[in-house]
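Data block below; observations after.
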Amino acid sequence: MQVGGRSLTWGGSALRLSPYELEATDLDGCTLSWPLRYAELAEAYSVVESAVGLHGSSEGLSPLPDSVYRYGPCALTPAERDFQQSFGRLDFDAIPVRFVSPTSGRDRWPGFTTQATALAAARETGRLALRPNAFATEVTVNSDTGLATGVRYVDTSNGTRHHVRARVVFLCGGTIETARLMLNSQGSRHPDGLGNSSGWVGRGLMDHPVVLAVGVLDGYPHAAGYEWAARQRGLLVPPRPGSQGSDVRPFGMWVTLQRLTSQGKTLGSIDAQGEMLPYRHNRVRLSNARDRWGVPIPFIECKYGPHEQRLYAAMRCQIEQASAAAGLRITAISERLSVPGLQVHDLGTARMGLSPATSVVDGNNQCWDCRNVFVTDGACFPSAGWQNPTLTIAALSVRAARYAGDLLRNGLY
Ligand SMILES: Cc1cc2nc3c(=O)[nH]c(=O)nc-3n(C[C@H](O)[C@H](O)[C@H](O)COP(=O)(O)OP(=O)(O)OC[C@H]3O[C@@H](n4cnc5c(N)ncnc54)[C@H](O)[C@@H]3O)c2cc1C
């Protein structure tokens with residue numbers, strides 16, 4: 001994707017989950033709670049935030065815990081400052097957005113990406129062996145112990161096939177690809193795919209549904225000098241604490257006012273992002289068709305349920321409330337939720353949980369059925385929250401990597 005002539009690998013919007021998401025109660029037959037508590041994740045969040053360099057402000061709000069910031073919040077336009085006051089009178093907190101600084105790492109925007117910054121730092125340790133063009137096709141397993149022995153891969157530059165041995169395997173190819181890899185790793189110890197005795201591998205697929213509105217801000221001139229850059233500018237409205245516990249999962253709203261003009265009119269936009277439930281029927285499975293390397297192509301089945309209909313109504317209502325408070329005359333608003341997949345916040349498919357009967361990994365991201373395999377991408381999310389997921393993915397990865405390091409140092413695996 002290109003934004004403003006720059007390539008965008010991710011938007012850099014970085015938000016913590018709150019205790020509310022991690023301790024969520026069941027809804028519509030879906031289990032949403034996580035097997036770990038906020039206190040167990042907080043320090044790992046701080047480690048990641050210190051590394052990536054965030055803009056933001058400490059607000060002390062229970063639905064959105066504060067982060068560690070290296071830089072201050074972005075400057076707000078006069079219309080955004082007025083909106084903070086007017087929406088505040090309706091008991092909503094509108095706070096400056098939180099995001100990775102364009103100047104914090106080695107990439108152009110956002111400043112910190114895996115490719116430009118994290119991999120480069122890992123290489124500088126001298127302990128990284130990077131195998132470019134390696135397309136992993138299968139995790140290999142010892143049929144006596146059931147433990148992973150390594151990974152098979154194709155060198156896509158010349159089609160040669162290889163096997164790399166490993167004491168511990170981390171799966172982090174992205175939610176859909178991790179599910180495919182696990183489902184494609186079948187053997188006598190894992191007949192339905194690696195770690196799939198619960199039947200949950202591939203299931204519980206989620207994305208973040210959004211509702212978008214744009215409009216004209218009649219009362220304000222265009223504010224020059226406030227560069228617009230999606231969720232890197234403007235305000236974030238986290239859910240009110242009182243909104244929690246209803247039959248609609250909490251959602252957040254992003255509000256940018258007075259930063260754009262069109263045909264002499266000052267514009268504003270509001271988008272709401274919410275939580276889709278982890279329905280068991282939403283899944284990635286292996287299709288009969290194969291890719292050029294002979295690996296079954298992932299087949300995705302995903303649809304919303306009644307909760308998401310309630311969510312749409314609640315989001316639209318709150319956007320209209322916010323527009324009125326902002327003086328924003330809506331000219332276009334989504335008539336339905338974005339289709340699953342549009343937000344590219346793929347989550348679920350190897351959910352973490354308290355029991356091997358109902359989940360794929362435990363609270364340390366360790367596969368119940370294959371203890372030297374860890375799943376640390378969005379696949380491990382048992383529920384999505386409303387917050388953009390990457391900060392949590394990174395924090396879970398820090399935690400799991402430390403844990404796996406301890407196991408290796410203690411001679412296990
Ligand atoms: C345009 C855009 C904007 C976004 N903005 C935000 C944002 O502002 N905030 C936010 O929190 N999230 C955002 N996201 C989501 C974010 O990009 C993902 O949550 C994040 O990248 C997930 O990280 P990951 O490491 O788990 O997976 P990925 O970033 O997908 O990395 C997986 C890696 O594994 C490699 N891989 C996959 N399969 C194989 C295989 N078989 N063999 C070998 N390698 C393999 C891939 O090439 C890739 O490098 C955005 C996404 C998009 C597309």
Side-chain angles (χ1 to χ4, degrees), residues 1-4 6-17 45 48-49 52 54-56 67 97-102 107 109-119 130-139 151-157 161-162 164 169-185 194 206-208 210 229-233 236 252 254 271 273 284 291-298 338 341-350 365 374-381 384-398 400-401:
M1 178 186 276
Q2 291 277 322
V3 174
R6 292 177 288 191
S7 76
L8 174 59
T9 52
W10 70 302
S13 187
L15 304 173
R16 293 188 180 199
L17 294 177
Y45 271 133
V48 178
E49 289 158 354
V52 302
L54 292 186
H55 282 273
S67 289
V97 290
R98 299 174 177 180
F99 61 101
V100 175
S101 169
D107 215 339
W109 185 67
F112 195 105
T113 60
T114 305
Q115 293 81 355
T117 314
L119 274 181
L130 195 57
R131 301 198 184 187
N133 308 311
F135 169 60
T137 57
E138 188 190 346
V139 179
V151 172
R152 276 192 230 289
Y153 70 89
V154 180
D155 184 332
T156 55
S157 67
R161 304 211 171 227
H162 306 263
V164 59
V169 175
F170 269 62
L171 296 179
C172 44
T175 292
I176 292 164
E177 184 63 12
T178 288
R180 164 163 93 151
L181 203 45
M182 294 180 86
L183 291 169
N184 197 45
S185 303
L194 186 73
M206 300 168 280
D207 188 19
H208 282 133
V210 291
R231 291 176 177 180
Q232 278 64 36
R233 297 290 183 270
L236 165 63
W254 282 257
D271 70 283
Q273 176 172 287
V284 176
D291 66 17
R292 61 187 295 205
W293 310 115
V295 184
I297 289 168
S338 55
L342 188 88
Q343 198 67 345
V344 207
H345 292 176
D346 314 319
L347 302 167
T349 76
N365 297 73
F374 290 77
V375 178
T376 59
D377 53 24
C380 73
F381 280 41
W386 59 272
Q387 297 92 331
N388 305 46
T390 309
L391 181 67
T392 300
I393 291 172
L396 289 167
S397 303
V398 164

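Start at 1 and go down the list; that is how both ligands and their atoms are numbered. One is the number of the first residue; the rest follow in order along the sequence.
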What are the two closest heavy atoms between [X] and [Y], and how far apart are they?
| X | Y | result |
| --- | --- | --- |
| V210 | S338 | N-OG, 2.9 Å |
| D377 | G174 | OD2-N, 2.9 Å |
| G378 | I393 | N-CD1, 3.7 Å |

Which bit of A14 is near ligand 1, meaning a heavy atom under 4.0 Å away: side chain, backbone, both or neither?
->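 Neither; nothing of A14 gets under 4.0 Å from ligand 1.
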Quick one: look at P110 and ligand 1, take heavy-atom pairs under 4.0 Å, and tell me if it's side chain, backbone, both or neither.
->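 Looking at P110 and ligand 1, no heavy atom falls under 4.0 Å.
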For [atom], which candidate among [options] holds the nearest heavy atom?
| atom | options | answer |
| --- | --- | --- |
| atom 38 (N) of ligand 1 | E177, H345, Q343 | E177 |
| atom 40 (C) of ligand 1 | A136, S13, A118 | A136 |
| atom 15 (C) of ligand 1 | V295, V344, N133 | V344 |
| atom 34 (O) of ligand 1 | P389, G173, A134 | G173 |

Does any N or O of ligand 1 fall below 3.5 Å from an N or O anywhere on [X], backbone included?
| X | result |
| --- | --- |
| T390 | yes |
| G378 | no |
| D377 | no |
| I393 | no |

Spacing of L15 atom CG and T390 atom OG1 [to the nearest 0.5 Å] =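 Here the interatomic distance stands at 10.0 Å.
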Any idea how Y153 and H162 line up, ring-wise: parallel (<30°), tilted (30 to 60°), or perpendicular (>60°)?
->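 Ring orientation of Y153 relative to H162: parallel.
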Which of the numbered atoms in ligand 1 are below 4.0 angstrom from a heavy atom of N388?
->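 Those atoms are 7 (C), 8 (O), 9 (N), 10 (C), 11 (O).
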T178/M182 under side-chain contact (heavy atoms from CB on, under 4.5 Å): CA gap, chis, key distance, verdict = CA-CA 6 Å; T178 288; M182 294 180 86; 4.1 Å; yes
Do the side-chain N and O atoms of D346 and T175 include a donor-acceptor pair separated by under 3.5 angstrom?
->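 No, because no side-chain N or O of D346 sits under 3.5 Å from a partner of the opposite role on T175.
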Identified side chain to side chain donor-acceptor pair (under 3.5 Å) partner of N388 from the options H208, Q343, Q273 |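 That would be Q273.
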